[in-house]
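Below: the structure, in structure tokens.
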Amino acid sequence: MDFEFNEEQATLREISRSALLTHSSPAHVRSLAESGHDVDDKLWRLGTDLGWTGLAIGEDFGGSGQSLVELCIVAEELGRALAAGPFITSSLVGLAVERFGSDTIKDELLPRLADGSFRATWALAEPRGAWTPASVTTNAIATDGDYILHGRKTAVQDAGSSNGILVSAVLGGAPALFMVDPASTGVTLRKQKTLDESRSFYEIDFDNVRVGGGRRLEVDASAVQWLCDAAAVLTSADSLGAGQRLMEMTVDYVKVREQFDRAIGSFQAVKHKISDMAIGVKGTFAATYYAAMSLDLGSPDASRDATVAKSFSSDAMSRLAGQALQSHGGIGFTWEHDLHLYLRRVKTDETLYGDTPAHQERLAALLIDDRPAT
Amino acid sequence: MDFEFNEEQATLREISRSALLTHSSPAHVRSLAESGHDVDDKLWRLGTDLGWTGLAIGEDFGGSGQSLVELCIVAEELGRALAAGPFITSSLVGLAVERFGSDTIKDELLPRLADGSFRATWALAEPRGAWTPASVTTNAIATDGDYILHGRKTAVQDAGSSNGILVSAVLGGAPALFMVDPASTGVTLRKQKTLDESRSFYEIDFDNVRVGGGRRLEVDASAVQWLCDAAAVLTSADSLGAGQRLMEMTVDYVKVREQFDRAIGSFQAVKHKISDMAIGVKGTFAATYYAAMSLDLGSPDASRDATVAKSFSSDAMSRLAGQALQSHGGIGFTWEHDLHLYLRRVKTDETLYGDTPAHQERLAALLIDDRPAT
Amino acid sequence: MRLDISPELEAFRHEVRTFVAQSAPGSRPHAGVRAPHAEQVPAIRAWIAALFEAGYLGMSWPEEFGGQADPVPEHAFIVAEELARARAWEQIGAGSLGANALIEFGTDAQKQHLLPRIRSGQDLWCQLFSEPGAGSDLAGLQTRARLDGDEYVVDGQKVWTTNGQHADIGYLLARTDPTVSKHRGITAFAIDMRTPGVDIRPLREITGTSDFNEVFLDSVRIPADRVIGEVNDGWRVANSSLGHERSGVAARGAELFAMLDDLLDFAQDATFVGRPALRDSGVRQRIGKVATDIHVTDLMSKVVQSRMVHGTEDAADAPLVKIFYSEVNHAAAELGVSLQGVDGLAVEGDENAVANGWWQDAFMYARALTIAGGANEVLRTVVAERSYGLPREPR
Amino acid sequence: MRLDISPELEAFRHEVRTFVAQSAPGSRPHAGVRAPHAEQVPAIRAWIAALFEAGYLGMSWPEEFGGQADPVPEHAFIVAEELARARAWEQIGAGSLGANALIEFGTDAQKQHLLPRIRSGQDLWCQLFSEPGAGSDLAGLQTRARLDGDEYVVDGQKVWTTNGQHADIGYLLARTDPTVSKHRGITAFAIDMRTPGVDIRPLREITGTSDFNEVFLDSVRIPADRVIGEVNDGWRVANSSLGHERSGVAARGAELFAMLDDLLDFAQDATFVGRPALRDSGVRQRIGKVATDIHVTDLMSKVVQSRMVHGTEDAADAPLVKIFYSEVNHAAAELGVSLQGVDGLAVEGDENAVANGWWQDAFMYARALTIAGGANEVLRTVVAERSYGLPREPR
């Protein structure tokens, strides 16, 4: 077992970070949010040039055949830079297509996902629903070799700039995934106003949308669960990046901010918050990358490992964000200061793909159900 | 609404505290524990002389006709002094007899409870059970005007020195209370080894014990719940007394203990613990005495108020005890130091009559069930 | 120790509740201490006047300025509680604080001129204490006032000025003697906010709203007769007037109970991992924890009110309630957002937002209460030192 | 980044696990670092010898003293993990710490004499660092050693000496120069515990057991050749030998996993408010929280191990794992007691106690781990200052 980044990984991290430093500064993020766009075209091109979109796609299809660990590295840097754009959602869809798609759909979509010409997102959650395969109610009916989809999805990231939406639905009582063109008749997108100022989310109505038979991926519940797990781990990585940045901002600030004639960083209460943040960051790093490796390896405990990562990261990074704000005092309370953008990102990540109590419950279920009766 | 002690209450508190300072020093408590006795006879006489046992019993029966508030004052002082002895349990049984007993049993027992010649305790919980009327399984069967009791009770305080045990049982599916002579055939007491070093607890087997028909109190579920509520509030008061003492010990210690060439009380982390302890103590005081007044007044929300008190005090006083130990460092980790005696008392109080999660659950149930559907 | 409340106080509460229900101009749309929109201000001025007129504010003022001969101390608590319960506008700004200062330290002329204008709603006040460099360390303020003839000339910058944009008078602290230790050499002023050189700029906060302001003071001239109390005695003036702000503690419980009530409302429709949330005992216990802490905040506040009536409160009482309240408020807001699950991402203005995003706003705003008025860390330190005698840190 | 473990390491782990299962002399009856009963000590001495003999301890010692030419760094972690998993006795006392010190700072004669005796189990060591007046502030120690001819004469008192009652050699820190600043002027010694004037008195702890001792040193004479390292350089000697104690971090996760496993065992029979506990989602979420933190402790420890193998660990790594581990351990023990409900009152020796009171003992003992080896408060401060550059407090 080895937690050191290899040379390629270290390089990926460095070039991603430095590219994002230039192309996704907080000022960029703010102006993108004001413009109402999901994605910055320049950043999108840059990301495809750097190979982000092809990372998890096999070399046969024009990708680089890397793994979730590399995607986590990118996700972490995107979080650290508050970056917008369907990079991770497209990669998730790529993973789904590569694993569960027919040869036809793989040949059609994977090269375009890899080169960034096809952007995609995953529609899983529903209003008043949960981030689990079992809670999906969007319905699919087979008809004349096609399918008719009906239902409503929420919190679908970057749907407004996606060329394809992978929709989780129920087909004859079993889970199913369909690749839907957002331009299809019956698809209505509504951009949501959310806590997150740096990413876009949509509510989508599917009103008896006809989907071609070839757009269905062959999945069972465990396949969808695998996607949920991957998404949870990538979300942990996003919040890890944002959390680390919040911690750095806080460390920098408390060294210079003076109150009571001394730097506030000299107060023990502030020091102890910094150490707590460090535990949160180190724990999230360990759990996130371990889960990514475990999913990559197809370990039998991979789903549990993903749940550990999300259960820990959601709570730890949200708490860290609160401590960062508390340590900054008034200055961090202003809209102008970037702190709240990170806090909002982290708080949104907390919800996406299941919050801490949901994953605590799931972990307990996995531990208890796996257990031989005594 | 008024939270000031009146003159009688203030006096009761002062004389109780000063009597206990002499007669229930930690050294006394330790030697009593080593002797294996439930109660110190001298302290028992003192307590009866001071009127503790008669406090909650009507003047008609030789008591002073006070209320739960006065009992809480005594319970708090007993907790502060780690005092042993069935003072509070006898008072609880007195309350039950006075409220729910026949005239005969009142005439027989109340004067003796008041003057301290009859010591009593309440047997509610059962192994693997809970502190609720609904979880009682000890069974009573009516036969020839008498009752046959069968079951097992646990954590019965001071049963070994009690003249009567009030037993919660089920009679024909409904809750019932019986006053049982511990010398009856079929009653077996076993003294438990528990966390608590200052009080005695017993496991009791009732193996088809015959109880006279006149020993039954007339209760329904709400009557037993009232007793549970009163017991929960008195337990909160006990832990409040112990918690206050722990806080005082900690404040005193951190002012003099030096590390890194300064009193550890000058460190912010220690100061913040002290302020947290103060919130715990002030919150427990407010919630405990409010609930006592609410029960005394027969307020419709009294049961909720008791649950708030126990839900808060169990968690707050246990946390306080942990912070006290952490602040003392090594010295508090020795058996010789009295700190752990208080910690054990508080930790035991946490369990008695329902811990924090149990009362959180109950409070939620009361709030949700009381609510008109929207 | 008695729980029962006198029929007179019950009647008074009923009277206030009815009055608020019938006469209050709308209710506050957001959690916390917030500024109204400009168009609401005239109605709020009238509402303040009505509260004074009804004897619900200023009861303890001198009789000649409309106070009562023998004010009932509980009345102020009841009024604060009822306003909070109804989420009605209270006396916005620093009018109460300013009045405290004038009554204790003001000249007759100041009182004659300014107190009636507070009563009538004609003057809204704001507090000009905080500065960018002096947050919880208020005494570190740098704004300077120097005497020039019979006027003071003030230069500096203030921040976190709630209702600064609506205020007529500012209750200003400025340094008049920089040569002495920092707690001395501060003077209190009542400054006309329309004086040339006063520049009020709204701040946008992390909530997206503008409830606070920055106030820049550039060679602002204040007549010397607008000094409140003695020159260089402003630290004492400010602390004393803050110390008289006692009814705020009463609103804590009512505010939190209103939150709990709303939370239980929408929770009936909420789900947790796809199940009805209120049937999940984990959710129930989380609600039970917050409900416990809300009840205890209220009860701690009631103990402090009781002690204030008897004059037996200790210095730790109010700060500890503030600390606990602000943390429970944060936890309650966080729970509210969490119980909304995936729908909890939606904020004010989104058509599906629960309660139009009230909870998300409350969650973001909650940190104002753990930071402002002395950050909780500072208050915890102060309580341990002043009330429990712990040694100060070496400097 | 790679998760897979080499077949060689898997084989080694299997070998160790089998060895421990077959050869370990019983298992530790209590949680934490505890002292065995006197009658168990001979078997533990033999066990230590067997572990050295098998190449499971001392792999990184110099080859001439039985170490390996090219030790595999992971082996020490695997051995620590397997011993913890089985709750087997590890090398009790301070033998490992003493060996670290001798190997880095000892004279040839010291190494020749003492290292083989550690290997053979003949010498058990104890650590004589802590004093009543110097807990987390170790450098504040007061025990004095003055040179008298070719001997040092030592006077003072030590405390929290684990296994002091069984030890043959004490690794002592004493002040040899009181005129310099406190971190200088300390010297390290290897003292024969049977020297006249050494008085070892067992302490009884809040667990009711006696795992620690007080050691009184009254004119104890130590030959000058028992100084480890340079005179007055003991602070560096001690810190360096502590810094080499790297395998301890590996045992954290295994210990906690063993707890979780036991907890899930008895939880199957537990009830919460009268219902089967494991069907209550509140209970499940509390278990899920502790289980999450246990997994994360283990993973943090695995990251640190990986970094130690690569030499890339930072100064915050080990202390943060220690802080988190000790707090998770406390929470796990507390949850264990809590899940037992009313039966959780029963402790060791009561016929109905769950697991013979293991959890109650573990709960009481848990504070030793948040206090000893640097109280968590001290460690948090140190990490913030040393690893994140926060300014020190004024003194």
Side-chain angles (χ1 to χ4, degrees), chain B residues 124-132 134-136 154-155 190-197 201 203 257-262 264 266-270 273 318 322 325-337 339-341 343-344 347-348 350-352 354-358 360-362, chain D residues 130 132-137 139-140 159-160 182 203-210 212 214 269-275 280 282-283 286 330 334 337-338 340-353 357 360 363-368 370-372 375-378 380-381 393 395:
Chain B
L124 169 64
E126 301 176 358
R128 302 190 54 243
W131 304 88
T132 60
S135 67
V136 168
T154 191
R190 183 180 69 78
K191 187 164 182 179
Q192 295 178 286
K193 288 201 64 166
T194 72
L195 263 181
D196 198 335
E197 286 284 319
F201 294 92
E203 188 171 81
R257 169 70 172 176
E258 295 200 354
Q259 292 274 276
F260 303 101
D261 307 318
R262 50 194 268 206
I264 63 172
S266 69
F267 286 103
Q268 216 181 19
V270 174
K273 285 199 182 73
S318 279
L325 180 47
Q326 184 70 21
S327 302
H328 274 75
I331 190 73
F333 199 70
T334 60
W335 186 269
E336 259 179 82
H337 198 286
L339 198 150
H340 74 104
L341 301 175
L343 183 145
R344 289 165 176 275
K347 199 72 194 162
T348 302
E350 179 184 341
T351 297
L352 297 176
D355 64 5
T356 291
Q360 286 170 348
E361 174 84 31
R362 183 163 191 268
Chain D
S130 289
S136 291
D137 180 16
V159 73
W160 306 119
K182 70 182 181 179
L203 263 176
R204 191 179 180 199
E205 295 91 37
I206 62 175
T207 48
T209 57
S210 288
F212 301 99
E214 295 178 292
D269 288 325
T271 61
F272 174 71
V273 294
R275 305 189 293 259
D280 183 275
V283 170
R286 284 195 280 154
H330 186 268
E334 199 160 35
V337 173
S338 166
Q340 295 169 18
V342 57
D343 307 313
L345 293 181
V347 296
E348 188 172 352
D350 190 85
E351 62 187 57
N352 290 341
Q360 289 71 21
F363 168 72
M364 296 301 283
Y365 186 84
R367 282 284 166 198
T370 61
I371 292 170
N376 284 359
E377 290 84 351
V378 176
R380 278 190 160 85
T381 299
E393 289 181 88
R395 296 259 166 160

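What you see is a predicted model, and the numbers here were worked out from it, not measured in a lab. Naming convention: chains lettered A, B, ... in sequence-line order (proteins, then strands); numbering from 1 in each chain.
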Response to the item:
Interface check, chain D: of Thr348(B), Val270(B), Ile331(B), most non-hydrogen pairs under 4.5 Å belong to Thr348(B)
Worksheet entry | Ser338(D): partners by side chain to side chain contact (heavy atoms under 4.5 Å, CB included), with sequence neighbours left out | Asp355(B), Arg286(D)
Worksheet item: Out of Gln192(B), Glu361(B), Glu126(B), Arg257(B), which one racks up the most heavy-atom pairs below 4.5 Å with chain D?
Response: Arg257(B)
Response to the item:
Per-residue tally against chain D (heavy atom, under 4.5 Å) across Ser266(B), Ala269(B), Gly322(B) peaks at Gly322(B)
Discussion item. Just verifying a value: how many Å separate Asp137(D) CG and Arg262(B) CZ, rounded to the nearest 0.5 Å?
Written reply: 11.0 Å
Worksheet item: Should Met364(D) and Arg344(B) count as side-chain neighbours, where that means a heavy-atom distance under 4.5 Å?
Response: yes
Worksheet item: Where on Thr132(B) is there a heavy atom nearer than 4.5 Å to chain D: the side chain, the backbone, both, or neither?
Response: neither
Fill in: chain B contact via Leu203(D) - which portion, at a heavy-atom distance below 4.5 Å
side chain
Worksheet, complete the sentence: Among Gly129(B), Ala134(B), Ala125(B), Ser318(B), the residue with the most heavy-atom pairs under 4.5 Å to chain D is Gly129(B)
Discussion item. Has Arg367(D) got a side-chain atom pairing as donor or acceptor with Phe333(B)'s backbone, closer than 3.5 angstrom?
Written reply: no
Item to complete: Identify which of Gly341(D), Ala368(D), Ala270(D) forms the greatest number of heavy-atom pairs closer than 4.5 Å to chain B.
Response: Ala368(D)
Practice prompt. Drop me the distance from Thr207(D)'s OG1 to Trp335(B)'s CH2, to the nearest 0.5 angstrom.
Written response: 8.0 Å
Worksheet, complete the sentence: Okay, Glu258(B) and chain D: the region with an atom under 4.5 Å from a heavy atom over there is backbone
Worksheet item: CD/Glu351(D) to CZ/Arg190(B) distance, rounded to the nearest 0.5 angstrom?
Response: 3.5 Å
Worksheet item: To the nearest 0.5 Å, how far apart are CG in Asp350(D) and NZ in Lys191(B)?
Response: 11.5 Å
Worksheet, complete the sentence: Interatomic distance, CD@Gln326(B) vs CD@Glu377(D), rounded to 0.5 Å, equals 4.5 Å
Worksheet, complete the sentence: The side chain to side chain contact (heavy atoms under 4.5 Å, CB included) partners of Val273(D) (sequence neighbours excluded) come to Ala358(B), Arg275(D)
Worksheet entry | Max heavy-atom pair count under 4.5 Å with chain D, selected residue of Leu343(B), Leu352(B), Thr334(B) | Thr334(B)
Response to the item:
Counting heavy-atom pairs under 4.5 angstrom with chain D, the leader among His337(B), Glu336(B), Lys347(B) is Lys347(B)
Discussion item. Quick check on the interface: out of Gly344(D), Gly274(D), Ala346(D), Ser130(D), who has the most heavy-atom pairs with chain B under 4.5 Å?
Written reply: Ala346(D)
Practice prompt. Can you tell which part of Phe201(B) gets under 4.5 Å to a heavy atom of chain D, answering side chain, backbone, both or neither?
Written response: neither
Response to the item:
Interface check, chain B: of Ile206(D), Val283(D), Ile371(D), most non-hydrogen pairs under 4.5 Å belong to Ile206(D)
